[in-house]
**Q** 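Right, I'll just put the structure down here and ask away after.
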Amino acid sequence: MILGPGAVLLRGFALHDAESLLDAVARIARAAPFRFMQTPGGFRMSASMTNAGAAGWVSDRRGYRYDARDPDSGKPWPKLPAAFTTLAGAAATAARFEGFVPDACLINRYEPGARLSLHQDKNERDFSQPIVSLSLGLPAVFLFGGLTRTDTPRRVRLEHGDVAVWGGPSRLAFHGIAPLKDGEHPATGRCRINVTLRRAL
Ligand code: MD3
Ligand code: FE
C-alpha cells in the first residue's frame, strides 16, 4: 500500500517472524534496558526506548544525537540482530530501495497513553537512505504529515507485523503516534513495540 511518494506500508510483512523478532527485542533489552529519555526541553518522553547497532539514538538535556554507547551503562549498544538486518533489506527491496543496510536500530515501547508528537527524523547523515519500521503488539494510529509541521496529518492504523518503508520525498515528512489505546495483545501484553532500522552514520 502506497502512503505517499517513497512511503510504502507492507501489511503483515513480518507476521510470521514476529515471535523471533520479539525474542531479539527481549535479548537487546536484557543488555540495554528500556528507559525514558529526557527531551532537550527537560520533559520525560512517554515511550521508553533502547537501541542496537553501531549507533543508538539518544536524547537528553544536551540534545538529540546518535551515540556508539549506551549512556546508562557506558557500553556499546548490543549488536544489531541478523534477523533485523535481513528484514530491513527485504522490506526496502520490496519498496524499491535496493541495497539498504542499517547500522542503527531504535526500539520504542509504548504503554497505554504513550505517544510521540509530530517530528522529523533529521539526526541521520544521509537522507537518501530510507527508514524501515516494524510494528509489534498493540495497534497504534500513525500520524503521517507533510513536509511542514502545519500540514494536517493522515491517520494510518499500524498493526502487529506491519512493516513500513519511508524514503524518497517522504523521508523528511513530519510524523508521530497518537496516544496508545489500552488493550492486551497475545504477543506483547499491554504494549506496542516499534523497531526502526536506519542508516545513521
Ligand atoms: C516517516 N517512531 O522513532 S515509526 C521514531 O511508531 C518514530 O515509534 C514511530 O517516529 C513509532 O522516530 C513511527 C514510522 C516512521 C519512522 C520514521 C519516519 C515513519 C517515518 C521517518 C520519516 C517519515
Ligand atoms: Fe520519527
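Atoms within each ligand, like the ligands themselves, are counted from 1 in listed order. Numbering of residues begins at 1 and proceeds along the displayed sequence.
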**Q** Supply the members, apart from Phe36, of the Ile/Leu/Val/Met/Phe/Trp/Tyr cluster built from side-chain contacts under 4.5 Å; use none for a lone residue.
**A** none
**Q** Looking at Asp103 and Arg125, is there a salt bridge between them, counting it only when a charged N and a carboxylate O are closer than 4.0 Å?
**A** no
**Q** What angle, in degrees and rounded to 10°, do you get at the Fe ion (ligand 2) when you join it to NE2 of His119 and to NE2 of His175?
**A** 90°
**Q** Under a single-linkage rule joining Ile, Leu, Val, Met, Phe, Trp and Tyr whose side-chain heavy atoms are separated by less than 4.5 Å, which residues share a cluster with Leu147?
**A** Phe127, Leu172
**Q** May I ask you to list the residues sharing a hydrophobic cluster with Leu197, side-chain cutoff 4.5 Å, ordered by chain and number?
**A** Ile2, Val8, Leu10, Phe13, Leu21, Leu22, Val25, Ile28, Phe34, Leu80, Phe84, Leu87, Phe97, Phe100, Ile107, Val132, Leu134, Leu136, Val163, Val165, Ile193, Val195
**Q** Answer with yes or no after comparing the ring centroid distance for Trp166 and Phe144 against a 6.0 Å cut-off, counting only values under it.
**A** yes
**Q** So, Asp151 and Thr148: side-chain donor and acceptor under 3.5 Å apart, yes or no?
**A** yes
**Q** Which protein N or O atoms sit under 3.5 Å from any N or O of ligand 1? Give atom names and distances.
**A**
from, atom 1, to, atom 2, distance (Å)
ligand 1, 3 (O), Asn108, OD1, 3.1
ligand 1, 3 (O), Arg198, NH2, 3.2
ligand 1, 6 (O), Arg192, NH1, 2.9
ligand 1, 6 (O), Arg192, NH2, 3.1
ligand 1, 6 (O), Asn194, ND2, 3.4
ligand 1, 8 (O), Asn108, OD1, 2.9
ligand 1, 8 (O), Tyr110, OH, 2.6
ligand 1, 8 (O), Asn194, OD1, 3.2
ligand 1, 10 (O), His119, NE2, 3.2
ligand 1, 10 (O), His175, NE2, 2.9
ligand 1, 12 (O), His119, NE2, 3.2
ligand 1, 12 (O), Asp121, OD1, 3.3
ligand 1, 12 (O), Asp121, OD2, 3.1
ligand 1, 12 (O), Arg198, NH2, 3.1

**Q** Nearest N/O/S atom of Asp121 with respect to the Fe ion (ligand 2), by atom name, please.
**A** OD1
**Q** Measuring from Leu106:CG to Ser133:OG, what's the distance to the nearest 0.5 Å?
**A** 11.0 Å
